[in-house]
Amino acid sequence: AKTSEILSWVREARGGSVFRGIEHIGLYPYCGATGHEIAAWYGSVFGFQVVEGNSSIFVQGSGPGRIEVMKEGDTDRAHLAIEVTDFDAAVAALQAKGIELEPAKIGTSVKAAFLKQTDTAGNRLHLLWRR
């Protein structure tokens, strides 16, 4: 925790942002396609690695960023996971802008929270910090 706090101070002193970028985009089964079919398509077409989890399937190449394909759901919208360097600082920054968050899910090596509001196109967003 102390190391994270010190790194946060250094980043802030250098003018860096707590928001690193897109960690993954989440897609949902839609128009009759299953989550498995969507993930398999990305694996087949681009040669991405397909790794099945409990509620979703992650598809990833050798570079940064991943695609999370949800096993269930029926929406044409997506969700975006915004990677953050300091979860608490990111939450505070959003709250200072009047943005509310749903209750955070906190584990030993991951913290995540969805924003209560969507982007202007109706896509959901969530913060994601991983150790």
Side-chain angles (χ1 to χ4, degrees):
K2 193 55 149 178
T3 301
S4 178
E5 183 179 20
I6 292 168
L7 290 173
S8 177
W9 293 338
V10 170
R11 185 187 60 261
E12 185 178 328
R14 292 180 176 167
S17 174
V18 69
F19 305 104
R20 293 195 61 194
I22 305 299
E23 198 278 339
H24 72 261
I25 183 168
L27 304 177
Y28 296 84
Y30 187 70
C31 290
T34 68
H36 286 94
E37 290 169 338
I38 296 167
W41 185 87
Y42 281 98
S44 173
V45 171
F46 299 107
F48 289 164
Q49 179 184 16
V50 177
V51 178
E52 187 166 351
N54 292 332
S55 61
S56 63
I57 306 159
F58 277 96
V59 183
Q60 183 171 354
S62 61
R66 305 183 293 170
I67 301 169
E68 179 182 23
V69 182
M70 306 307 293
K71 290 182 180 178
E72 295 184 15
D74 186 16
T75 178
D76 62 344
R77 301 292 191 260
H79 77 256
L80 298 170
I82 307 297
E83 183 178 11
V84 299
T85 58
D86 181 323
F87 188 80
D88 295 330
V91 168
L94 291 175
Q95 288 175 334
K97 293 180 180 187
I99 297 173
E100 297 180 51
L101 288 93
E102 295 177 2
K105 295 180 182 177
I106 299 176
T108 55
S109 62
V110 67
K111 295 179 183 180
F114 274 92
L115 280 63
K116 286 189 176 180
Q117 67 190 82
T118 64
D119 69 12
T120 56
N123 298 303
R124 296 193 71 204
L125 297 106
H126 70 91
L127 303 180
L128 180 63
W129 173 88
R130 292 187 305 167
R131 183 175 312 233

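Considering all non-hydrogen atoms of both residues, Leu115 and His126 come closest at CD1-CA, 4.3 Å. Counting all heavy atoms, side chain and backbone alike, Ala89 lies closest to Val18 at CB-CG2, 4.1 Å. Across Ala39 and Ile57, no two heavy atoms sit closer than the pair CB-CG2, 3.6 Å. The heavy-atom pair separating Cys31 from Asp74 by the smallest distance is N-OD1, 4.3 Å. Minimum heavy-atom separation, Phe87 to Ala113: CZ-CB, 3.8 Å. Taking both residues in full, the closest heavy atoms of Ala90 and Val84 are given as CB-CG1, 3.6 Å, listed atom of the first, atom of the second, then distance.
For the atom pair CG of Asp76 and CG of Asn123, the computed distance is 8.5 Å after rounding to the nearest 0.5 Å. Here Glu100 contributes atom CD and Leu94 contributes atom CG; the two are 11.5 Å apart, rounded to the nearest 0.5 Å. Between the CD atom in Glu68 and the OH atom in Tyr28 there is a gap of 7.0 Å [rounded to 0.5 Å]. Between the CE atom in Met70 and the OG atom in Ser56 there is a gap of 5.0 Å [rounded to 0.5 Å]. Here NZ of Lys116 is found 15.5 Å from CG of Leu125. Values are rounded to the nearest 0.5 Å. Here NZ of Lys105 is found 7.0 Å from CZ of Phe114. Values are rounded to the nearest 0.5 Å.
Hydrophobic clustering places Leu101 together with Trp129 (ILVMFWY residues linked when any side-chain heavy atoms are closer than 4.5 Å, directly or through intermediates). Under a hydrophobic clustering in which Ile, Leu, Val, Met, Phe, Trp and Tyr are joined whenever their side-chain heavy atoms come within less than 4.5 Å, directly or via other members, Leu27 and Ile82 fall into the same cluster.
In this structure, Gln49 places its CD atom where only 12 or fewer heavy-atom neighbours from other residues, nucleotides or ligands lie under 6.0 Å away. Enclosure of atom CZ in Arg77 by more than 12 non-hydrogen atoms of other residues, nucleotides or ligands within 6.0 angstrom is indicated.
Each of Glu102, Gln117, His79 was scored for a side-chain hydrogen bond (donor to acceptor under 3.5 Å, both in side chains) with Arg124, with one residue passing: Glu102.
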Full working for ring pair (Phe, Tyr, Trp, His ring centres under 6.0 Å) between Phe48 and Phe46:
CA-CA 5 Å; Phe48 289 164; Phe46 299 107; 5.4 Å; yes

Walk me through it: do Leu80 and Ile25 pass the test side-chain contact (heavy atoms from CB on, under 4.5 Å)?
CA-CA 5 Å; Leu80 298 170; Ile25 183 168; 3.6 Å; yes

Dump the intermediate steps for side chain to side chain donor-acceptor pair (under 3.5 Å) on His36 and Glu52, then the final yes or no.
CA-CA 9 Å; His36 286 94; Glu52 187 166 351; 3.1 Å; yes

Stepwise side-chain contact (heavy atoms from CB on, under 4.5 Å) check, Phe19 with Leu127
CA-CA 9 Å; Phe19 305 104; Leu127 303 180; 4.0 Å; yes

Given Val69 and Trp41, is the side-chain contact (heavy atoms from CB on, under 4.5 Å) satisfied, shown in steps?
CA-CA 11 Å; Val69 182; Trp41 185 87; over 6 Å; no

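Judged by distance alone, with hydrogens and angles left aside, the side-chain atoms of Lys111 form no donor-acceptor pair with the main-chain N or O of Asp86 at under 3.5 Å.
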